Amino acid sequence: MPQKFERKPLLAPKPIDYLRISLVDRCNFQCVYCMPEGADLQYALKEHWLTHDEILRLLREVFIPVGFTRFRLTGGEPLLRPGVVELVAAIAALPQTQDLAMTTNGFLLTELAEPLYKAGLNRINISLDSLDEETFKAIVGGRGKSRWQDVWAGIQAAYKVGFSPLKLNVVVIPGVNDHEILDLAALSIDRDWHIRFIEFMPIGNDALFKHKGWIDSETIRGQIAERWGLETSNVTGNGPADVFQIPGAKGTLGFISQMSECFCDRCNRMRLSADGLLRPCLLNETGQIDLRTDLRAGVPLSELRERVAALRQAKPDINFKMRESGVTGAYSRTMSQIGG
Ligand code: SAM
Ligand code: SF4
């Protein structure tokens, strides 16, 4: 009988104060689980991307007044956004910003880690699905040499400059990188890094999902526990991860189990796409607001505030419905398009 690990209890909904802002819907990688090569993705027109001024105006006049104080910049690949450091500095300088984080593939981080840190970025999550150059290449795509070395150098640069805890995101795919679960988990033993195993979702590459299937967090925890033992960590994040630790390790292990153990009831985040669509949930567009069109059409900011406040208020109910229906269906838009 496999060991069962204690997860976070199901909680009353938290205040919805966390906005993920996609800076660009394109990417310099084509991860097999997210943006497979040959996929016919409809990118937003660049002139439809919210400008820096529009993002800042929306934060100052709409999102902050209705209660959002924590922001994560994502994409696509957020480091592809021209002027990203200046934008980080401007958001960090807003007096109400309590937390400013970023999720990146790390490819451009060697140069940008220090300026981002100095600009006021508080936290960074870097995707790293493999420690093996060939496997990495098979996952992220691209012709020519593997980009693993660049990403690894970016991770080191972020660590050196002071991002702490440094979080690494891993999507485990059977037959692709599941043989590296222990090697990736071991990164948390000697370093205060937080390795987060994210269950593969049928969003982005449904064919791969059907072909390979997915591995649940409990199985991953079981493998790690068998090797080193595993205990619940005192560190609890703000997000949906269940946090554990290899006994005596400096760092921690997080498990994001949206497939096996729906956490919609705990979800406190909303998402703004690069072209200005605000949605209440990664997988649900109920009540979506086209802020770009409204802003550019001159709709008063007071009216946008009211609409965003109403959607925020409706979210617990949307969360509840998502929990009831489950998240295991297939989705036509990728996380890179929505803002992962
Ligand atoms: N490009 C950045 C990166 O890769 O970190 C940020 C955007 S990416 C869409 C954000 C996160 O979504 C990454 O950690 C990625 O692994 C995850 N992701 C993308 N597609 C996924 C899928 N089908 N299932 C689970 N996680 C996925
Ligand atoms: Fe790009 Fe991130 Fe998607 Fe990979 S997971 S294709 S790096 S957006």
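Values in this document were obtained by computation on a predicted structure and should not be read as measured data. All ligand and atom numbering here is 1-based and tracks the order in the structure. Any value given below was found using the heavy atoms of this structure, including those in side chains, with hydrogens, waters and symmetry copies removed.
Considering backbone and side-chain atoms alike, G76 places an N or O below 3.5 Å from some N or O of ligand 1. Note: no N/O pair closer than 3.5 Å links N125 and ligand 1 by distance alone. No N or O atom of T74 sits closer than 3.5 Å to an N or O atom of ligand 1. Considering backbone and side-chain atoms alike, T103 places every N or O at 3.5 Å or more from each N or O of ligand 1. In terms of N/O distances under 3.5 Å, ligand 1 is approached by I203. Considering backbone and side-chain atoms together, Y33 places an N or O closer than 3.5 Å to an N or O of ligand 1. Residue M201 has at least one N or O atom closer than 3.5 Å to an N or O atom of ligand 1. Taking distance alone, with nitrogen or oxygen atoms compared against 3.5 Å, S127 approaches ligand 1 more closely than that limit.
For the 3.5 Å distance criterion, the side chains of E199 and S260 qualify, holding a donor opposite an acceptor. No side-chain N or O of N28 forms a donor-acceptor pair with one of E77 less than 3.5 Å apart. Inspection of the S273 and D275 side chains reveals an N or O donor paired with an N or O acceptor under 3.5 Å. Side-chain atoms of T286 and N284 include a donor-acceptor pair closer than 3.5 Å. At a cut-off of 3.5 Å, with distance as the only test, a side-chain donor of R72 or T103 sits close to an acceptor on the other residue.
With a 4.5 Å cut-off on side-chain heavy atoms, F197 and I224 count as touching. Under the 4.5 Å side-chain criterion, counting only non-hydrogen atoms from C-beta, I195 is not in contact with L128. Under the 4.5 Å side-chain criterion, counting only non-hydrogen atoms from C-beta, R57 is in contact with E54. Side-chain contact between V24 and W49 is present, with at least one heavy-atom pair separated by less than 4.5 Å.
Expressed to the nearest 0.5 Å, how far CG of L73 lies from CD1 of I91 amounts to 5.0 Å.
Remark: ligand 1 atoms within the under-4.0 Å shell around heavy atoms of N169 are 14 (O). Under a 4.0 Å criterion applied to the non-hydrogen atoms of N105, ligand 1 contributes the atoms 2 (C), 3 (C), 5 (O). Residue contact check: T104 has heavy atoms under 4.0 Å from atoms 2 (C), 3 (C), 5 (O) of ligand 1.
Note on ring orientation: taking the six-membered ring where Trp is involved, the planes of W214 and F209 are parallel (angle under 30°, cut-offs 30° and 60°).
Contacts between C27 and ligand 2, counted as non-hydrogen atom pairs separated by less than 4.0 Å, involve the side chain only.
The closest approach between a heavy atom of G204 and any atom of ligand 1 is not below 4.0 Å. Residue C31 places no heavy atom under 4.0 Å from ligand 1. Put simply, part of E199 is less than 4.0 Å from ligand 1, judged by heavy atoms. Residue contacts with ligand 2 include G76, since one or more of its heavy atoms lies under 4.0 Å from the ligand.
Atom 3 (Fe) of ligand 2 has an N, O or S atom of C34 closer than 2.8 Å.
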